[in-house]
Amino acid sequence: MQLLQAPCPADSEQPIANPLRRTLLRGAGFAAITLCLPSPLVAAAIKHPHQQVDRETLIRLVAAETGLPVSYVASMLGHATFTPAIIRQITTPYESRSYAEYRPLFLGHSMEKMGRDYLHQQQQHFAAVEERYRVDKEIIAAILGMETRYGRHRGKDRIVDSLYTLATGFPRRADFFRKELGEFLLLAREEHLDATQQLGSYAGAFGTTQFIPSSYRAYAVDADGDGHRNVWDSPADIIASVGNYFHLHGWQQGRPCAHWLPVIPQLQAHAEAGFDQWVTLASLRRQLPALPPQWQDDDKVTLIDMQPPQGRRFALVHYNFYVTTRWNRSYNYAMAATEVAAMLGGQSFAVT
């Protein structure tokens, strides 16, 4: 989960403005200091960012929540910088755009070549992860390509500055980012890292995987056995960590993810319900056109409504699609990951 160097566009060597990953703008968390702010003031705080929690208060809160010594937290945050541009960046996600606009960022010849090369170069690690975690290699490769173009764009912001800014100046999710800041200081101690020198995205995500600190602590894996969970430079750890994440969220190996459908009026209500209405494919089969042979009657499925380049379409989505949204909650992100995985040779993903 999460988090947050922007997934990088498929045919450009420069990263775009970061699409938000995972849960960052979801939920209703607020820092205690801003709980009583009326919504117009919250909106104003985002439009004209300023620090609303002082450094000393933040240090005390982080120390209390993590059990870390106040002196250690103070030494790590003593020179953290509040950066208003980070607030503006995080409130303008690419993932809020239509899929027609979003898709070209990732589906292209550059992504396909880089992904196939990465699969070939790291085939031994992918084989080991498929065997251990039962997660298809193409979805792991798709995620790593979208997140950082296989490590080429891992972020240039100091993580302490990003999380410090969001924890003190982003009321909508200030409590979330304060906790991520605490998680980051904990992992820095655990992994013997200098927290003040680590770089990542403007939302505090880091490494080739772009995990946010809590996701790193929960899901990162030391697959190469060197005593460190290195999601920056160890292909074994990187690939296994993504595989572990998908495995623990319920990925079903060899099963499809999505298939484009025409708009079917009698299924409109089902498409609007989306993830709130899961059924077996058998219960929908008679209302659908012919499907590729990968789809089975006992597959757990639902429908979603999207806007691909061809115009409005429904998509039949398998539970695996939902698992992908546990990595990033956007339908757009999950569909792009599905299509990239299919492009990289994952025929079972079943998109057209």
Side-chain angles (χ1 to χ4, degrees), residues 1-8 15 18 20-22 24 55 58-59 61-63 65-87 89-90 143-144 147-170 173-174 176-224 226-242 245:
M1 253 175 233
Q2 342 100 17
L3 1 288
L4 290 274
Q5 164 70 14
C8 297
N18 287 11
L20 286 183
R21 286 200 38 192
R22 311 218 167 94
L24 294 186
R55 192 183 306 270
L58 179 67
I59 289 170
L61 286 170
V62 171
E65 290 171 349
T66 61
L68 291 168
V70 172
S71 59
Y72 172 74
V73 177
S75 68
M76 295 298 101
L77 301 184
H79 298 287
T81 302
F82 184 84
T83 310
I86 288 173
I87 308 294
Q89 283 179 291
I90 204 167
I143 294 296
L144 295 173
E147 291 299 338
T148 59
R149 291 175 66 86
Y150 307 100
R152 290 168 174 80
H153 301 296
R154 300 188 299 208
K156 299 180 180 179
D157 296 303
R158 277 206 322 162
I159 297 171
V160 289
D161 293 340
S162 297
L163 294 177
Y164 176 80
T165 297
L166 293 166
T168 61
F170 187 40
R173 296 310 309 277
F176 173 86
F177 285 109
R178 186 184 70 249
K179 291 174 182 176
E180 289 301 321
L181 177 57
E183 293 278 338
F184 176 63
L185 297 182
L186 286 168
L187 77 84
R189 270 208 156 186
E190 293 163 356
E191 297 293 330
H192 309 290
L193 302 173
D194 181 351
T196 66
Q197 299 302 310
Q198 301 305 308
L199 303 180
S201 78
Y202 64 72
F206 53 84
T208 299
T209 58
Q210 287 296 282
F211 275 142
I212 55 173
S214 60
S215 291
Y216 173 92
R217 295 189 74 221
Y219 304 109
V221 173
D222 175 21
D224 61 16
D226 69 351
H228 298 283
R229 297 179 290 173
N230 183 354
V231 297
W232 292 265
D233 303 307
S234 168
D237 291 4
I238 289 163
I239 295 165
S241 294
V242 179
Y245 187 99

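All heavy atoms count here, side chains included; hydrogens, waters and symmetry mates do not.
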What is the distance from atom CE of Met76 to atom CG of Leu185, rounded to the nearest 0.5 Å? 7.5 Å

Distance (rounded to the nearest 0.5 Å) between Leu193 CG and Asn230 CG: 9.0 Å

Could you tell me whether a side-chain N or O of Ser241 sits under 3.5 Å from a main-chain N or O of Val221, the two making a donor and an acceptor? yes

Between Arg154 and Leu199, is there a donor-acceptor pair closer than 3.5 Å when you use the side chain of the first and the backbone of the second? no

Hey, could you give me the NE2/OG distance between His153 and Ser201, rounded to the nearest 0.5 Å? 14.0 Å

Nearest heavy-atom contact between Val62 and Thr66 is O-OG1, 2.7 Å

Check the orientation of Phe177 and Phe170. Use parallel for under 30°, tilted for 30 to 60°, and perpendicular for over 60°. tilted

How close do Gly207 and Thr148 get, heavy atom to heavy atom, and via which atoms? O-CG2, 3.6 Å

Once the angle between the rings of His228 and His192 is folded into 0 to 90°, is it parallel (under 30°), tilted (30 to 60°) or perpendicular (over 60°)? perpendicular

From Asp233 atom CG to Ile238 atom CD1, the distance as rounded to the nearest 0.5 Å: 6.5 Å

Between atom CG of Leu186 and atom CZ of Arg217, what is the distance when rounded to the nearest 0.5 Å? 4.5 Å

Approximate separation, where rounding is to 0.5 Å, of Tyr164 OH and Thr81 OG1: 8.5 Å

So, does Asp161 use its side chain to make a donor-acceptor pair with the main chain of Thr165 at under 3.5 Å? no

Look at the aromatic rings of Phe211 and Tyr216 and report parallel, tilted or perpendicular, splitting at 30° and 60°. perpendicular

Sub-3.5 Å donor-acceptor pair from the side chain of Glu147 to the main-chain atoms of Thr208, do we have one? no

Report yes if the side chains of Asp157 and Thr83 come closer than 4.5 Å at any heavy-atom pair, otherwise no. no

Which atom of Pro213 lies closest to which atom of Leu163, heavy atoms considered: CG-CD1, 4.2 Å

Test item: Arg229 side-chain N/O and Glu191 main-chain N/O as donor-acceptor pair under 3.5 Å: no

Write down the atom of Gly204, the atom of Ser162, and the distance for their closest heavy-atom approach. N-CB, 4.0 Å

So which atom in Asp237 and which in Asp224 form the shortest heavy-atom distance, rounded to 0.1 Å? OD1-N, 3.0 Å

Nearest heavy atoms of Gly78 and Arg55, plus distance in Å: O-NH1, 3.5 Å

For Leu166, does its backbone N or O pair with a side-chain atom of Arg173 as donor and acceptor, under 3.5 Å? no

